[in-house]
Amino acid sequence: MTKSSHAVTLDKLQAGLPKQVLVWSAETDDRIYDSETIFGYIDGGAEVYRAYNMRRCLSRRYTSPNKPVIVLDIFDMGSSGDAYGVFTHDPEGDVVDLGQDGRLRPGWLNFWKDRFFVSIYTEEETAPAIQAVKTLGKMIDSLISTRGNRPKSLKLLPPEGLRSDSIRYLHDPIILNYHYYISDANLLNLSSQTDAVLASYQRQAEEALILLAFYSEPAAAAGAYTSFLKHYLSDANKNGMAMLENNKWCAAKVRDRLLMIVLEADSRQLADKLINAVEQKYR
């Protein structure tokens, strides 16, 4: 599990935020949301932040006459792992040198750094507004003095053929089902105490999707493995492998606290190679 960092607090960030960004001025009152009140602010997306253990969110609006509103949201996710995780939920956009893994897409800049996820968007994409968004992003980046560590579980992903833009770090079955639907039930017993990584592979002409889940104790991993085979992969052979209805291969294996699942692979050989490669890195 990733540890919390307390080098910078949301209150300190708030105190250091600029009152003026180019010709945009901050509105008088900032808004602070917790994991419950965030639902009244973000319509339809609040569940994502709560799935990553969001602590608080600071929201500030910058306005200027006859110019689009700029909205800043800073989410305190409690740990660098969860800040990284919520970033991976939707990492599209052009890479920019801001924070960690900064991304810029039409009207929206976002990045994670330390235990914070920063989102800045403008209601209308004009050249001056985008310049202001980038300027504000640089200011916030400089206020967060510490960089965060990516979750250690990412190191278990075999590098060969890994599509880095496909990596999703998660704890919650809601997030897993968003990216790859398994079941309405929480078959894998995912929780805030579980580190899971979903990633795609491309090896020559073959593709695969792998899920690694790291549990707090071996019994929890074994229970999730049993549940997965019983409810999802009941046709699996003694090695935990079976062909799916779409002619893809699925394989599952448990080792100590780690559950390894190749959800889909174009061949049995690729599924087997990925499981073996993860095991080698775990030893």
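Judged by distance alone, the side chain of S64 and the main-chain N or O of W24 form no donor-acceptor pair under 3.5 Å. A donor-acceptor pair under 3.5 Å is absent between the side-chain atoms of D272 and the main chain of R268, judged by distance alone. For the pair R103 (side chain) and N110 (backbone), a donor-acceptor distance under 3.5 Å is absent.
Between the side chains of D256 and Y282, at least one donor N or O lies within less than 3.5 Å of an accepting N or O. Residues Q20 and S25 bring a donor and an acceptor atom of their side chains to less than 3.5 Å of each other. At a cut-off of 3.5 Å, with distance as the only test, a side-chain donor of Y41 or D73 sits close to an acceptor on the other residue. Side-chain N/O atoms of W108 and S119 include a donor and acceptor closer than 3.5 Å. Side-chain contact, S80 with D114: no donor N or O sits under 3.5 Å from an acceptor N or O. Looking at R50 and Y52, their side chains never bring a donor and an acceptor atom within 3.5 Å of each other. A donor atom on one side chain and an acceptor atom on the other are not found under 3.5 Å apart for Y201 and E160.
Listed by first then second residue, pairs satisfying ring-ring contact (aromatic ring centres under 6.0 Å, His included) with a partner in residues 220-267 read F228-Y232, not counting sequence neighbours.
In this view, S153 and P151, Y169, D195, V197 satisfy the side-chain contact (heavy atoms from CB on, under 4.5 Å) rule, not counting sequence neighbours.
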